[in-house]
Amino acid sequence: MNKDKALEELFLANKPQFDDKDAFMASLSKRLEAVEYIKQYQEATIRRYKMAMVVAFLAGLVVGGIAIAYLLTSPADAPLFNFDTRNIFVLEWLCCNSRMLTVTAISLLMTFGIVSFVSNIQELMTLRQSLQRQHASL
């Protein structure tokens with residue numbers, strides 16, 4: 001309660017003076033130019049983010065397509081990698097299941113990439129909406 005009263009007294013005590021109209025207009029135009037600069041910077045940042053997301057998405061599609069094409073064209077009975085061991089069970093299991101493990105890893109990476117892409121798009125949309133709200137309030 002006391003803080004509200006103190007704030008009220010502070011605002012009542014502040015009485016701005018507009019004696020020099022030229023200085024006020026110069027200050028106002030300088031502030032508006034600063035706001036316009038910030039707006040242009042934010043829009044450029046959004047464009048860069050969009051371009052980076054598109055490039056990352058296309059690169060993921062190309063790499064994923066190449067990896068899947070390689071898996072489909074290589075012989076099905078030959079393992080993708082071999083450790084030349086017969087006595088260590090874990091390494092032998094990895095060699096025998098190398099195809100399934102590789103396909104699972106590629107699928108997980110592509111899923112992560114798609115989720116990241118969608119998340120970034122949503123973040124950019126909220127950033128753009130907040131920028132539009134700020135611009136509308138000016």
Side-chain angles (χ1 to χ4, degrees):
M1 192 69 140
N2 291 334
K3 289 183 181 181
D4 292 337
K5 200 70 154 161
L7 278 174
E8 183 180 347
E9 289 174 7
L10 181 67
F11 282 121
L12 290 175
N14 185 16
K15 297 188 184 205
Q17 306 242 344
F18 300 109
D19 295 338
D20 191 7
K21 289 183 181 181
D22 293 331
F24 175 74
M25 289 304 290
S27 170
L28 181 64
S29 65
K30 186 176 178 181
R31 288 181 182 173
L32 288 175
E33 287 173 4
V35 167
E36 186 64 29
Y37 173 76
I38 291 171
K39 180 183 147 202
Q40 289 174 355
Y41 178 77
Q42 286 179 337
E43 288 175 353
T45 303
I46 289 173
R47 279 194 302 274
R48 280 196 310 270
Y49 285 157
K50 281 184 179 179
M51 185 60 69
M53 280 193 318
V54 167
V55 168
F57 183 72
L58 291 176
L61 283 178
V62 168
V63 170
I66 289 171
I68 289 174
Y70 172 72
L71 287 173
L72 292 176
T73 57
S74 63
D77 57 346
L80 291 176
F81 47 87
N82 193 357
F83 297 110
D84 290 330
T85 59
R86 297 284 178 226
N87 56 359
I88 300 176
F89 177 72
V90 174
L91 294 179
E92 188 175 337
W93 181 83
L94 284 174
C95 288
C96 291
N97 296 316
S98 62
R99 288 193 169 282
M100 288 303 289
L101 293 171
T102 305
V103 169
T104 303
I106 290 172
S107 299
L108 288 173
L109 285 174
M110 290 184 75
T111 302
F112 176 73
I114 290 171
V115 168
S116 299
F117 184 76
V118 170
S119 173
N120 286 338
I121 287 176
Q122 289 176 344
E123 183 180 332
L124 281 175
M125 297 204 45
T126 57
L127 182 64
R128 175 173 277 177
Q129 288 172 355
S130 67
L131 180 64
Q132 289 173 349
R133 276 183 271 167
Q134 287 175 354
H135 183 64
S137 67
L138 296 177

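Note that the coordinates shown come from a computational prediction; the quantities given were computed from them, not determined experimentally. Values reported hereafter were calculated over all heavy atoms of this structure, with side chains retained and with hydrogens, waters and symmetry mates removed.
One finds the CD1 atom of Ile106 at 11.0 Å from the CD1 atom of Ile66 (value rounded to the nearest 0.5 Å). For the atom pair CD (Gln40) and CD (Glu43), the distance works out to 7.0 Å, reported to the nearest 0.5 Å.
Using a 4.5 Å heavy-atom threshold, the side chains of Met25 and Ser29 count as separate.
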